[in-house]
Amino acid sequence: MPDTTSFERAFSPDAFRAHGHALIDALADYIAAAARGNKMPVLPWVEPEQMLERWPQTFPAAPAQDLDHLLARVLDEANHLHHPNYMGHQVPGPLPMGALCDMVASILNNGMAVYEMGPHGVAMERAIIKWMGGLVGFGSACDGVITSGGSLGNLTALLAMRRVTQDRLDGKSPAVLVSDQAHYSVKRAVKVMGWGEDAAIAVPCDDAFRMRVEALPEAVKQAEARGRRVVCVVGSACTTPTGTYDPLARIADFCGAHELWFHVDAAHGGPAGLSGKYRHLLDGCARADSVVFDAHKMLLMPALVTGVIFRDGANSFCTFDDRASYLIDKSPQEEWYNPGHRTMECTKRMMCLKVYAALMCYGTKFFADYVTRQYDLAKTFARMVRDTSGFELAIEPDANIVCFRYAPAGVIALDDLNAAIRKHIVESGAFYIVQARLPKGHFLRVTLLNPLAGETHLASLLDCVRATGNELLAASRSHT
Ligand SMILES: Cc1ncc(COP(=O)(O)O)c(C=O)c1O
């Protein structure tokens, strides 16, 4: 007979209370230490093979570890996103209140495929979708769904596009036009849809990495010559490598004139709609058919929470109209309140809770100020790079993503040098920065997400890049 006392212990409210209090204290100390930043590496680098040794790969039949101890190790060995020197991928050190909401969502585990499994979640999700739609300029007819990440969001939007445009093909194979700087998930979604390797046709960009709208007619012609019919153009707001906003209004004109679906990947840059100063970057987005908008990037939420919003909300139902007698048995429109009609996901986390709570408890101005501050800071950093000798800026930033590199006079192998600088800095734990391979070379890339980090951290980054670069150059000279 199984020992039921172990089940009772696992569900014991008293044990949960004790662990929970201890854990909140540990997390508060962790956030404070990470935010101070000076005594801990951003990423305590360990080689992957060594990491397997540190984390046993088999599980015991009987308890072998204490939860508090295990979680303390998880905190210690993480990439510390609240550290002011974390400036890497577009994943913020999230608002702590978002994490508290996630804990509530986890305890409740209200699944949200159907209304009955998370009734209040359905109301919160609807409010967020309408709010996001309003930010990109959609009217009251917009509607959509919250899903698990921008990549799945792009696929969800493009699946609806496929359904709506299927009678425009005249026997040809479909194609999508997207800039060569767009996030890889767009191309991957087109492949997943079974449209073939060459169905996502890359539109070239100008020197600022913006889609060249004047290249669209030629791209359509080339697709036709290959037996393909273009049914959709995807604009980026903004692109991942350089944070560049495509000229959305001009793309919208083109799509309008040629009866093409217009999808905007606003996973990173949708929240610019909150900022009076930067809202103009989304001009034209209001005419998109579908938009993807992540809250786990520029709304400071813990991952994942993504809105997929359709200008005409009816399009949100057109992909997933299956029936399942145990779950869904009416038409999607009749059952607008069952999110399972609009997403691949069945059991779906109550992702909306943290966004709803943040908007209610902090107000929209908090987020408007955040976007404006971070976009402003990127412009300040770009100026610092331009004004510091030995450095090169890739382009003037639109958003809070900046690409730059160390380019001291007389050094030719800049790509190798900057790749080595990044590796060295990341493994030392001093900063966490990433990279972008741009047509003009290998650049260091930062995304400025931390509202508590500023110019002093950026000045230290430039010092660190220079010192590391000079050390590497000196070492390579001494070897030759
Ligand atoms: C423009 C853009 N679209 C989509 C994605 C993918 O989003 P996720 O990581 O939430 O799947 C990213 C991620 O960085 C992005 O920058």
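Bear in mind the structure is a predicted one, so any value in this text is a computation, not a measurement. Atoms within a ligand are numbered from 1 in the order they appear, just like the ligands themselves.
Salt bridge present: R386 and E396 bring a charged side-chain N and a carboxylate O closer than 4.0 Å. Salt bridge absent: K440 and D207 never bring a charged side-chain N and a carboxylate O closer than 4.0 Å. Residues E125 and K348 are paired through a salt bridge, judged by an N-O separation under 4.0 Å between the basic side chain and the carboxylate.
Ring planes of H80 and Y30: tilted class, angle from 30 to 60°.
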For ligand 1, find each of its N or O atoms that sits under 3.5 Å from a protein N or O atom, and tabulate the pairs with distances to one decimal place.
| from | atom 1 | to | atom 2 | distance (Å) |
| --- | --- | --- | --- | --- |
| ligand 1 | 3 (N) | D265 | OD1 | 3.1 |
| ligand 1 | 3 (N) | D265 | OD2 | 2.6 |
| ligand 1 | 7 (O) | K297 | NZ | 3.2 |
| ligand 1 | 10 (O) | G150 | N | 2.8 |
| ligand 1 | 10 (O) | D294 | OD2 | 3.3 |
| ligand 1 | 10 (O) | H296 | NE2 | 2.8 |
| ligand 1 | 10 (O) | K297 | NZ | 3.4 |
| ligand 1 | 11 (O) | G150 | N | 3.3 |
| ligand 1 | 11 (O) | S151 | N | 2.9 |
| ligand 1 | 11 (O) | S151 | OG | 2.7 |
| ligand 1 | 14 (O) | Q90 | OE1 | 3.2 |
| ligand 1 | 16 (O) | Q90 | NE2 | 3.1 |
| ligand 1 | 16 (O) | T240 | OG1 | 2.8 |

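Applying the side chain to side chain donor-acceptor pair (under 3.5 Å) definition to pairs two or more places apart or across chains, those involving residues 191-205 are D198-R228.
Counting non-hydrogen atoms of neighbouring residues, nucleotides and ligands closer than 6.0 angstrom, the CE atom of M344 reaches no more than 12 such neighbours.
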